Amino acid sequence: MKRLEDRVAIVTGAGRGIGAATAIRLAQDGCRVGVLDLKEEFCGETVQAIREAGGEAIPVGCDVTDAGQVERAVEQVVSHFGRLDILINNAGVTRDNLLFKMSEDDWDTVMDVHLKGSFLASRAAQKYMVQQRYGKIVNISSNSALGNRGQANYSAAKAGLQGFTRTLAIELGPFNINVNAVAPGYIVTDMTRQMAERIGMDFHENQKLAAERIPLRRVGQPEDIANVVAFLVSDDAGYVSGQVIYVNGGSR
Ligand code: NDP
């Protein structure tokens with residue numbers, strides 16, 4: 001029997017990057033997956049990869065900043081698969097700029113996707129988890145929660161997610177719901193590609209420079225995060241809650 005046999009998960013922002021790798025990994029462990037992204041068509045590749053490997057997944061278009069869309073998306077997954085056990089709040093954007101150049105819109109967009117999006121999805125998911133007295137929520141934070149030049153908005157949102165995680169662990173713990181956060185370091189995705197482009201650096205050169213400063217001397221891959229998420233949502237981590245696990249090759 002696979003580790004997550006019969007479980008049902010929702011992964012937000014799962015059209016690509018860390019979300020896609022996580023959805024695929026959870027499916028490999030036996031989970032049926034609601035693959036959420038801004039538009040249903042963005043979920044196609046992830047859903048196809050899961051189905052081709054013999055897993056079950058459905059694509060769901062959903063902007064996590066919109067309460068109505070989030071409620072409907074969660075209901076769609078529950079009505080299709082019959083339950084909901086796992087929520088991964090992964091959808092994310094960056095709008096980097098130094099404070100004096102950061103617009104109100106840059107601030108609001110980042111807060112809305114990371115913080116409000118995680119709040120809305122967790123609120124919608126918890127009612128099913130509380131009812132069945134079982135659930136796992138993992139919020140994707142970041143190393144940037146510790147502070148990062150040009151990311152006042154992102155850093156504040158990712159630090160906020162850590163407080164959100166600890167609070168949900170307290171509130172939902174009595175209902176047998178584990179809530180944790182994973183804080184990735186440098187992971188090779190479109191997000192880091194765009195960051196390199198913004199500072200006018202070749203993506204491979206950017207990875208090489210980053211790797212030199214990381215104790216394990218390599219940048220991370222989406223699967224490095226997916227593997228830790230898969231552990232946290234399994235019953236092997238049944239007594240782990242309210243924690244923030246940094247997955248960053250040993251960086252500070
Ligand atoms: P990507 O940009 O590759 O993927 C982000 C995904 O989120 C995309 O599929 C995107 O959709 C989706 N998304 C964005 N806004 C919304 C929204 N409003 N509603 C639904 N989905 C949305 O990023 P990563 O895979 O790198 O990042 C995943 C998470 O990991 C993010 O929370 C990020 O902050 C975090 N992280 C990443 C690190 C890294 O080094 N890459 C480091 C630390 C944390 P679309 O395709 O439509 O844009």
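Just follow the structure's listing: the first ligand is 1, and inside any ligand the first atom is 1. Bear in mind the structure is a predicted one, so any value in this text is a computation, not a measurement.
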Among all protein non-hydrogen atoms, which one is nearest to atom 6 (C) of ligand 1, and what is the separation to 0.1 Å? G13 O, 3.5 Å
Looking at atom 16 (C) of ligand 1, what's its closest protein heavy atom, distance included? L38 CG, 3.8 Å
Within the supplied structure, the quantity of interest is the number of heavy atoms (other residues, nucleotides, ligands) at a distance under 6.0 Å from E212 CD; does it exceed 12? yes
Give the atom numbers and elements of ligand 1 that come within less than 4.0 Å of a heavy atom of D63. 17 (C), 18 (N), 19 (N)
At the 4.0 Å heavy-atom cut-off, does A21 count as touching ligand 1? no
Are any side-chain N or O atoms of R32 and backbone N or O atoms of A57, one a donor and one an acceptor, separated by less than 3.5 Å? no
Given 3.5 Å as the limit, does a donor-acceptor pair link the side chain of E5 with the main chain of K2, or not? yes
For Y186 and F203, take the angle between the two ring planes, folded into 0 to 90°, and tell me which bin it lands in: parallel under 30, tilted 30 to 60, perpendicular over 60. parallel
Element-labelled atoms of ligand 1 that are located less than 4.0 Å from some non-hydrogen atom of S142: 43 (C), 44 (C)
Specify the protein heavy atom at minimum distance from atom 28 (C) of ligand 1: its residue, its atom name, and the distance to 0.1 Å. N90 OD1, 3.1 Å
Report yes if Y154 has an N/O atom closer than 3.5 Å to an N/O atom of ligand 1; otherwise report no. yes
Is Q194 in contact with ligand 1, taking contact as a heavy-atom separation below 4.0 Å? no
Who's closest to atom 5 (C) of ligand 1 heavy-atom-wise, of G15, A183, G92, G17? G92
Would a distance-only check, ignoring hydrogens and angles, find a side-chain to backbone donor-acceptor pair under 3.5 Å from E52 to A49? no
Which is it for K39 and ligand 1 at heavy atoms under 4.0 Å: side chain, backbone, both or neither? neither
What protein heavy atom is closest to atom 21 (N) of ligand 1, reported as residue, atom name and distance in Å? A91 CB, 3.5 Å
Would you mind running through ligand 1 and noting each atom that sits below 4.0 Å from a heavy atom of P184? 42 (C), 43 (C), 44 (C)
Any N/O of G19 closer than 3.5 Å to an N/O of ligand 1? no
Non-hydrogen side-chain atoms of I170 and V179 separated by less than 4.5 Å: no
Main chain of I140, side chain of N90: is a donor-acceptor contact present, judged purely on distance under 3.5 Å? no
So which heavy atom in the protein is nearest atom 25 (O) of ligand 1, and how far is it from that ligand atom? I18 N, 2.8 Å
Counting non-hydrogen protein atoms only, what is the nearest one to atom 3 (O) of ligand 1? Give residue, atom name and distance. R16 NH1, 3.3 Å
Side chain, backbone, both or neither: which part of T189 has a heavy atom under 4.0 Å from ligand 1? side chain
Within the side chain of T65, is there an N or O that forms a donor-acceptor pair under 3.5 Å with the backbone of V113? no
Check whether N248 reaches the backbone of G250 with its side chain - one donor and one acceptor, N or O, closer than 3.5 Å. yes
Which of the ligand 1 atoms, numbered from 1, are nearer than 4.0 Å to a heavy atom of H114: 32 (O), 34 (O)
For the pair N153 (side chain) and R95 (backbone), establish whether a donor and an acceptor sit closer than 3.5 Å, ignoring hydrogens and angles. yes
Just to verify, which of L84, N178, D85 counts as forming a side chain to side chain contact (heavy atoms under 4.5 Å, CB included) with Y134? D85
Would you check whether A14 reaches within less than 4.0 Å of ligand 1, judged by its heavy atoms? no
Which protein non-hydrogen atom lies closest to atom 38 (C) of ligand 1, naming both residue and atom, and how far is it? G185 O, 3.9 Å
Note: S144, heavy atoms under 4.0 Å from ligand 1, region reported as neither
Here the atoms of ligand 1 under 4.0 Å from any heavy atom belonging to F42 are 47 (O)
D108 side-chain N/O to D105 backbone N/O, donor-acceptor pair under 3.5 Å: no
Only heavy atoms of V93, strictly under 4.0 Å: list the atoms of ligand 1 that pass. 14 (C), 15 (N)
Under 4.0 Å to a heavy atom of I140 - the qualifying atoms of ligand 1, by number: 29 (C), 30 (O), 35 (C)
Using non-hydrogen atoms of the residue, decide whether C62 is closer than 4.0 angstrom to ligand 1. yes
For ligand 1, which atoms, with element, lie under 4.0 Å from some heavy atom of T192? 40 (O)
Using side-chain heavy atoms (C-beta onward) and a distance below 4.5 Å, is L161 in contact with L115? yes
Could you check atom 10 (C) of ligand 1 against the protein and tell me its nearest heavy-atom contact, residue, atom and distance included? D37 OD1, 3.7 Å
Does at least one non-hydrogen atom of M195 fall below 4.0 angstrom from an atom of ligand 1? no
For A230, does its backbone N or O pair with a side-chain atom of D29 as donor and acceptor, under 3.5 Å? no
State whether the side chain of T12 and the backbone N or O of A91 hold a donor-acceptor pair below 3.5 Å, judged by distance alone. yes
Given M129, which partner from the list L172, I86, L87, N176 fulfils the side chain to side chain contact (heavy atoms under 4.5 Å, CB included) test? L87
